Amino acid sequence: MFKNRFWLTLVLSVPVVYFSPMVGHLLGYMPPVFPGSTWIPAVLGTVIFFYGGQPFLKGGLQELKTRSPGMMLLIAMAITVAFAASWVTSLGLGGFDLDFWWELALLVAIMLLGHWIEMRALGSAQGALDALAALLPDEADRITDAGTETVPVSELREGDIVLVRSGARLPADGTVVDGQAEVDESMITGESKTVPRAPGDAVVAGTVATDNTIRVRVTAVGENTALAGIQRLVAEAQASSSKAQALADRAAAFLFYFAAGAGVITFIVWALLGSVPEAVTRTVTVLVIACPHALGLAIPLVIAISTEQAARAGVLIKNRMALERMRTIDVVLFDKTGTLTKGEPDLKEVAAVAGGDTDRLLALAAAVESDSEHPVARAIVRAARQRNLAVPEATGFSSLTGRGVRASVDGRTVHVGGPALLRELGAVEPEELARSTRAWMDRGAAVLHVIDGNSVLGAVSLEDAVRPESRQAVAALQNRGIKVAMITGDARQVAQAVADELHIDEVFAEVLPADKDKKVAELQARGLKVAMVGDGVNDSPALARAEVGIAIGAGTDVAMESAGVVLAGNDPRAVLSMVDLSRASYRKMWQNLIWATGYNVVSVPLAAGVLAFAGVVLSPAAGAVLMSVSTIVVALNAQLLRRVKLNPAEVR
């Protein structure tokens, strides 16, 4: 909208300015004279006022209704006064010389340009609820007496039996009635590991059956599902976001009251001096030049350059207030899984029974797991490849749901699995090995045993690996006086192990989605300003509620839509770039606003005639020159932001 109106307004402004007698006098030329030429500024200026100025007139009226004056009302006041005064002059009423058509045209064009720059630089975060809805499949396979039929999810009812195939999302909340599967519930719980679900277990809409087909009896649909509950949390959190005015709006509010007050005083003083025409002239001049062009460009230019610089550093700023607020943050609350950690299992340790070879044990485990697509299997195979181990060939692979896997290696049947598999096979873990595995489990690691027949050969541990960049990010934030907290749905011992490794200040563990949102509110209740960093659906309510929501770009669409800032990659050090940029850009905003408002503080009293007794009165032409100088200064000052270094790899 702003772009289209700007271009047409710009085209119409050229003849308005060119045929203005005041501009001609200022620049030393005589506008062409022909029948109707004197009406060109008035006719085109009227079109500009109603077409180009419409967003500001509507916005100003809304600010007036809500009694929250800001930029829109300041612009609306200036262009309305200029429009009325210019028509009075064009019609020759009262003998006034208040031809502000050119000023009206330039003011509308520049303000449209400023708003276009800002809107282009910033995205909008309105799609979180749509992204959540997209997590549900459009159709479901419902089982009936006649067989299986495909129906829209909206037609499902409580009590229906649905078939959920391997790799498919569940269409509704329900209970498993047949089959067993490993289900990825990370979007709800935040747990990186899949969980086994068997008959009688509850399952949640939007989660994924990763390895087998199951039949589920529907227990909740539509607004009653857990996913719908998250949608409501996101909506509530977005609605509760701070309504604090942006910096430019606060400056505009000050200038509105300043200009309105100065205008009233100017009219009263000049009228009391017995010069009503001069009172009108001085008052109109004050109100028109009270809205400096520089103010309309000061903030948008800083934001545009800031977002451009941020994008080069892998940070997408979607919300203007997020950029302003980041400098005030007291604590950064990181989601653990997929943010501070890689979000996938990684082989940590290998232990063989006495006299065993750990490399041979790992190669044997990799052979058995080589045909599995489970994340744990991929981690074991990847670790064997990284160590350049010779992995033997395995045959006869089979998956034992919820327990482990089995295959034949060199004619021997070898199992790889957890405690449930040990019990099933009647295998006994040697005490020397048990000491190692207990220590692993105490810190929250997943432990898998390698079993030949019913003899335990050894075990491996897998953990959600900490990103190397996380250590640097946490230390750098703390060096800037910002606390670091971590929140996760994982077990406390898992969370504490990561927190100890990274020296994190505060840990929230075993937290469900509703509680993540509450934990942000809890920190805010302590008087802390919170930046939340997350990547999953379960993080979206907390991202929406925090002063600044920062989503990892490799995460879900929901998280990105709920956040005001998106990190293009998964490097947590990019949060530091956001902090440094916020502080630098805020300084530039203030410098530009001081210059823009400083112009008003000087020019408005002069336009009002406070020095008229000394023969010093600011004419409209002189005011225009000062406006131009002010605009050039803020534009050049904003360019200095390009010198800020934001490379995440260089943060300290």
Side-chain angles (χ1 to χ4, degrees), residues 121-125 127-128 131 190 234 237-238 241-242 303 306-307 309-341 343 467 469-470 472-474 476-478 480 482-488 502 504 508 513 516-517 519-521 523-524 528-583 585-586 646 648 651:
L122 304 176
S124 62
V234 172
Q238 287 178 335
S241 295
S242 173
I303 291 174
S306 296
T307 52
Q309 293 295 93
R312 291 178 179 175
V315 180
L316 171 62
I317 299 172
K318 298 177 58 187
N319 186 300
R320 165 180 168 177
M321 289 305 295
L323 177 64
E324 291 190 25
R325 288 174 182 152
M326 195 65 194
R327 69 181 182 87
T328 67
I329 292 302
D330 301 305
V331 56
V332 176
L333 180 62
F334 284 99
D335 171 60
K336 180 187 79 70
T337 306
T339 306
L340 291 175
T341 65
R467 297 184 189 278
E469 305 88 355
S470 297
Q472 193 176 357
V474 171
L477 282 167
Q478 291 168 336
R480 285 163 173 74
I482 300 172
K483 288 181 61 178
V484 178
M486 185 180 76
I487 191 166
T488 178
L502 296 177
I504 287 173
F508 301 103
K516 283 194 175 185
D517 179 40
K519 293 301 180 185
V520 172
L523 288 170
Q524 291 169 333
L528 300 174
K529 292 183 173 62
V530 183
M532 169 71 189
V533 187
D535 70 334
V537 174
N538 62 310
D539 300 321
S540 53
L543 288 169
R545 185 174 296 279
E547 274 79 10
V548 180
I550 303 174
I552 298 292
T556 65
D557 290 343
V558 181
M560 289 187 280
E561 291 293 350
S562 302
V565 179
V566 177
L567 306 184
N570 49 23
D571 188 342
R573 295 175 301 180
V575 175
L576 273 299
S577 301
M578 183 65 180
V579 173
D580 293 343
L581 180 63
S582 176
R583 293 176 177 178
S585 63
Y586 199 75
L646 300 174
V651 299

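Nothing here was measured: the structure is a model prediction, and the numbers come from that model.
Checked by atom type and distance alone, the side chain of E547 never pairs as donor or acceptor with a backbone atom of Q524 at under 3.5 Å. Under the 3.5 Å distance criterion, the side-chain polar atoms of S306 are left unmatched by any main-chain donor or acceptor of S585. In this structure, the side chain of D335 does not engage the main chain of V533 through any donor-acceptor pair within 3.5 Å. For the pair T488 (side chain) and K336 (backbone), a donor-acceptor distance under 3.5 Å is absent.
Nearest heavy atoms, A521 versus R545: CB-CD, 4.0 Å. Between A546 and V530, the shortest heavy-atom contact is CB-O, 3.5 Å. A pairwise comparison of heavy atoms in I329 and V331 identifies CG2-O, 3.2 Å as the closest pair. Contact record, V474 with L502: CG1-O, 3.4 Å, taken as the closest heavy-atom pair. Taking all atoms of both residues into account, the shortest heavy-atom contact from V520 to L333 is CG2-CD2, 3.8 Å.
Contact check for M486 versus T339: no side-chain heavy atoms found under the 4.5 Å cut-off. The closest side-chain heavy-atom distance from L581 to M326 is not below 4.5 Å. Contact check for K483 versus L477: no side-chain heavy atoms found under the 4.5 Å cut-off. For the pair I550/V575, a side-chain contact is recorded, criterion being any heavy-atom separation below 4.5 Å from C-beta on.
The CG atom of L528 lies 12.0 Å from the CD1 atom of I482; values are rounded to the nearest 0.5 Å. Atoms CZ and NZ, from F508 and K516 in turn, are 12.0 Å apart once rounded to the nearest 0.5 Å. Here CZ of R327 is found 14.0 Å from CG of D580. Values are rounded to the nearest 0.5 Å. Rounded to the nearest 0.5 Å, atoms CZ (R325) and CE (M578) are 10.5 Å apart.
With salt bridges taken as basic N to acidic carboxylate O contacts below 4.0 Å, none links K529 and D330.
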Between L576 and R480, does a side chain to side chain contact (heavy atoms under 4.5 Å, CB included) hold up when you go through it step by step?
-> CA-CA 9 Å; L576 273 299; R480 285 163 173 74; 3.3 Å; yes

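Remark: R467 engages K342, E469, S470, N570, P572 in a side-chain contact (heavy atoms from CB on, under 4.5 Å) (not counting sequence neighbours).
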